[in-house]
Structures are given as C-alpha cells and as structure tokens.
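Some notes on the structure that comes next.
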There are 2 protein chains.
Amino acid sequence: MKRLRKKSSADKVLGIVDLFTEEIPAWTVEMLIKELGLTRATTYRYVKALYDAGFIVPGAGSSYVLGPRFIQIDRQIMRSDPLLRAARPLLDANRSKLIGAKILSGFYGDRVLSIHVDKIDNDIALTMERGRSFPLIYGSPSLVILAYLPAYQLRNVYNANAEKIAGQRLGTSWQEFRAEMKKIRKAGHRVGGYDQGSVIGVAAPIFHAPKAVSTSLCYVRNRDICTESDIENLIGQVTETAAKISQELLNYRSEDGTMSPVFPSPRLAGQQHYDEDDGRAAATEV
Amino acid sequence: MKRLRKKSSADKVLGIVDLFTEEIPAWTVEMLIKELGLTRATTYRYVKALYDAGFIVPGAGSSYVLGPRFIQIDRQIMRSDPLLRAARPLLDANRSKLIGAKILSGFYGDRVLSIHVDKIDNDIALTMERGRSFPLIYGSPSLVILAYLPAYQLRNVYNANAEKIAGQRLGTSWQEFRAEMKKIRKAGHRVGGYDQGSVIGVAAPIFHAPKAVSTSLCYVRNRDICTESDIENLIGQVTETAAKISQELLNYRSEDGTMSPVFPSPRLAGQQHYDEDDGRAAATEV
DNA sequence: ATAAATAATCCCGTAATTTGCGACAACACA
DNA sequence: TGTGTTGTCGCAAATTACGGGATTATTTAT
C-alpha cells in the first residue's frame, strides 16, 4: 500500500512547494539550504527551476514566496470547468429563502472537494469553503457521489474503510453497505447533519454522463430553524436543480464535438492529502 | 536577455503543467507521449511525479487534469497574506456609493497582479479580475507602485521599456521619467482612464514598511457618471483607506516578533508570463 | 555617486540518476 | 472470467546533476 519509489530529482523539487505553508510562507535560500540539507549550488538550482516555472517568486528581503501562478491556475480551473459553467446560472436562479448555503462538490482522486460555495445565510457556521476536501465516506455531498461509484470501486472503498463505514452506520458488512448505497441511489438524495453539527445538509447527485456521477450539489440550512417540512422542501429543490444541471452537462457534452474528457471522474487513487481533515471535522458537518 | 539554460529533468516535469491550458484541460498519457516526444515509461514517470505532488489528478477516461492542490494553495495564499488580512475589513467598512469597484494589486516579480477585486457597481466593465496581471508601466495601480521603486530599479525599468514609456507619455528621457515618477510620489495617488476606456480609476500606494511600496489600492468608477468632484472625492477616500491599511501593516509588523519577510517586494525579475495581456488590454483600463 | 555586502550564477570533473526498451502486473469493463 | 488498456519494473548505456569554489550581479550602506 505504501509508495516507496525512490525520490527523483523532480520529486525533490516539487516537494519544496510543501514547505511554503501558512506558518512559513516565505523562505530565503539560506533557510532552504538548512532545511533541505543540500549544497548552496543545488538549492539555487531547485529554486531556479521552481521560479522559472512560476511557482515561486522573489519576495521581500531576498525571500521567495508562492507565485501568482497558483492564483491564475485556480482561476483557469474555475473558468474551464464545464460543471461550474453549467451550474452557476442555475444556482443563482434559485433564490429560495430556505437555502442557507449552496455547496458544489467534486470527486478528485479519492476525496470530495468543494468546488463552489455560495453562502447566503450569514449566520450559518460552515467549515466548508472552496478548496477544502473530505474523505469519500463522510458527509452527504460525499456519500451521494460514493453511492454511484462502479461496484468494483465501491468494493475497494469498503475494504479499505470497513471500520469507519461501520462507525458511520453505513453497514457492518459488504452486503449491508451495498444495500445502504443502493438505498441512497433509490432515494436520489441524502440528508446529513441529523444527529450532530449545527446545520442540516441535503445533497443530490449530478450526472455528467448517463449513470455516471462525480459531483454533487448540497443545500444547507441552519439546524435550529429547520423543520421537517423545510427538509422535504429542500430535498425537492436540490434534486430538481441537480437534475437541471445534469441535463445541461449532457447537452453540453453532445453539442461539443470534442470528446475530450474534461470532468474529474470516478477513478480511485490513493493520494497524499493536503488537508488536515480526517473525517472528524466532516463528521460534525453535513 | 533570453534564458538559455539547459532544461533539467525537473524543468521538463514542471513545464508539463503549462500544457493544461483552458483549451486542453485534460490530457491522456498517450497524448502527452506524443506531445513531449518521450517514451511511454518516461512520460509515466513524469506524470507520476506530478501526481504524487498533487498537481495533477486522474480525470474521466484515463485522462489527467489539474489537481485541487492549486485551489488549496490559492486559498492558502489568500489566508496567509498579511495584506489581505489587514485590508479586507477596512475595505468592507467603506461603503461609499461613489466607488464602483475596489482593486487591491500587488507587485510580483515584474508585474502587478490583482490580489482582490470587489465589484460593487454591476454595470461596470472590469477586465480586471483576481489573478490577472499587468506590466509595471500600464495602469494606475501599476504606476503608483512603480513610482516608489528604488532608483536603480526604476532605472532598469526605464532602460528596458524606454519606447513604451514614451508612448504612455511618461517621459521621453530618463530625466523626464524620473521627474514624472517623483510627481506621482508627491501627489500620493494616480488617476487613470482619463483618455480611454469606460472607467476612471484612482490608485494610491500602500506602504508595507517606511518608504517601501509593493501594493496599491484602486477605486474605480464608471466614466459616464464620474464628475470632476467625484474624482476629487475618490482621491480623498482612496488615499485615506490606503493610509489606514499601511498603518495596519506597520503595526502588524512590529507586533509580530518574527522578522520573516512575508510581503512580496520590489525585486525585479524577468519572468515568463502566463497572461496574455501585453499592455494593450491594460491601456483601455484604469 | 561610490564602495561594501549579499545574493545568485558559472565552471568542470566525477559520480549518480535518468532514460529507453521490452516484458510484466494491475486494472477496467463486458 | 476474459480481454484490451493502463501503469510499473529491471537493466545497461549515457546523459546530467552534484559539490566546491571563483565570478558576476544585485542590493544596501556610506
């Protein structure tokens, strides 16, 4: 399971980006030399490689900081994502006062990441913001995607997370888990936040191809003011809007001649995570 | 002037990110093999390096797309930037109806990049959005930063852009240019958009240290509805708010014991640009 | 404006890593 | 369960990255 490939030169260079955390956003080359244990010449070579690529940029006092390249690529991802282009007008059109926040989530590698967050009710306590990711098995936005994974992938997920799945009351055996997932597919939505957390979230799947799901829409409402009938109402709204977005995507797909696959999709991958959330945070969320 | 260093392995790997443009956001490994002219094994090695670092992620149909790492780093930059932390409350506090948009710009490498854009008047036509960058010599947000560069850097900029500077009526000689810059420093602000474009912009410098500027604030107003007295008013507001932000930054600096340099700063660098704007776009802007 | 200090690059022989090639394992999907 | 595709693995040849110090460029101080 562990990835023990020998570190290549490129790996080492790319790894330097990790050093630019929130605690230490700026590094001088001298600091990097000490941190990396490399010679001055080599460190400068690495820095230059990153600099030439635009990933870091000179900052104050002979330091380097993360470059604007990241900001630009973030924007590019946003603009070129067909999901966002299809979804935003439809989301903006729905102005129901019941909806405290709208969250669009996507499946990346092996986690579910919030792609777009629209917070309407300012009193709502959302830890979810664009760019945060959660494991596949925590939270309604995740579950509604998980439920539509191909059977063999579902099986892999189950095997890798059997205990946690049981802990989330999603089944104590593969059979039970499978049945639970089928239930979600049947319902067409998932309500989360019943038992803990300050918000109720209702998520529905978005189809980018027939029977293929890799994104979800979640409507959130403050739990204190959320009645049973509100939930029913939200379910109706979220499934309707999600269905409209799905329709858009399918049309878009058929209009556009190019078959270039632009949707992040259900391919499992055991990747490093750059997010501190291991599920406990998610467990208190929708 | 040209950078002819031999491409290292890391350079090649990093360069792959450039391929993921808005036109071709998803690449299969086979496509990359053809594009890079490398063998299958090597291409997979490169892809793996990028994948392990989180920069690309598997997408639909055995393709790879830019990873959520970029989204996360963008958020991190935003959160850890002292400028943004200091500026946002102050910007939000100013609710004058005269202001059509507020633009916070920073100096990165050799360009000025919009760090934060708050568009209030929806009728305003702003090509400036967070993540776009402009050359140092175009636009009032740039000029107000340029004017405060150390003399030797100013000299370098002039030598490298003499013709363009003359074209912008910023002086036909080093002496004139120098005088022009001094004028901007004296005034403490810069008004742009007088002669072309649909908006008027008024920019003021933000000091991150005594006499050191690397960011600017620009208030924008639709030109059609902008009177002379409006401009005077905007000048007053923008200089006042910019001064407040400067004050915040200086305090922050002195409170925080760490001398870690966290501000992008005036160090010139001839870098590759990932933005199509060569000034013509900027010339029709503030 | 000039000089001192710091930051960044260059040079080059050697040693280590990367590359390409083919076979091979793992996976997706019917 | 089989089959086409996707991704990985060893190995020998050869390219290239590394260190250490000298050199140049850039920035700060006088």
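We name chains A, B, ... by the order of the sequence lines, and we start the count at 1 in each one. Quick caveat, the model's predicted, so the values are computed rather than measured.
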Rounded distance in Å - [atom1] ([X]) to [atom2] ([N]):
X	N	atom1	atom2	value
B:Leu38	D:dT8	CG	C1'	17 Å
A:Ile33	D:dG21	CD1	P	14 Å
B:Arg155	D:dT28	CZ	C1'	19 Å
B:Tyr64	D:dT6	OH	P	10 Å
B:Asn156	D:dT27	CG	P	8 Å
B:Tyr152	C:dT6	OH	C1'	12 Å
B:Lys48	C:dT19	NZ	P	15 Å
A:Arg40	C:dC11	CZ	P	19 Å

**OP:** For B:Val29, answer base if it contacts any base atom (sugar-phosphate contacts may also be present), sugar-phosphate if it contacts only those atoms, and nothing otherwise; contact means non-hydrogen atoms under 4.0 Å.
**Re:** sugar-phosphate
Taking only N and O in the side chain of [X], is any of them less than 4.0 Å away from OP1 or OP2 of [N]?
X	N	value
B:Tyr44	D:dT8	no
B:Tyr51	D:dG7	no
B:Gln153	D:dT27	yes

Which of the following nucleotides, [options], is nearest to the side chain of [X]?
X	options	value
A:Tyr46	C:dT19, D:dT27, D:dC18	D:dC18
B:Arg45	D:dG19, C:dA8, C:dG20	C:dG20
B:Thr42	C:dA8, C:dC21, C:dT19	C:dT19
A:Thr39	D:dG7, D:dG20, C:dG20	D:dG20

**OP:** Evaluate the ring planes of A:Tyr64 and A:Tyr51, with Trp represented by its six-membered ring, and classify them as parallel (under 30°), tilted (30 to 60°) or perpendicular (over 60°).
**Re:** perpendicular
Subject >> B:Arg40, CZ: over 12 other non-hydrogen atoms inside 6.0 angstrom >> reply: no
Subject >> Ring centres under 6.0 angstrom apart (A:Phe20, A:Phe70) >> reply: no
Original post:
Given that B:Lys12 and A:Ala41 both sit by DNA chain C, which one's nearest nucleotide is further toward the 5' end?
Top reply: A:Ala41
Original post:
For A:Glu30 and B:Ser9, take the nucleotide of DNA chain C holding the closest heavy atom to each; which residue's nucleotide lies nearer the 5' end?
Top reply: A:Glu30
**OP:** Determine whether the side chains of A:Arg111 and A:Ser133 contain a donor N or O and an acceptor N or O closer than 3.5 Å.
**Re:** yes
**OP:** Check whether the side chains of B:Gln76 and B:Ser80 place a donor and an acceptor atom closer than 3.5 Å, and report yes or no.
**Re:** no
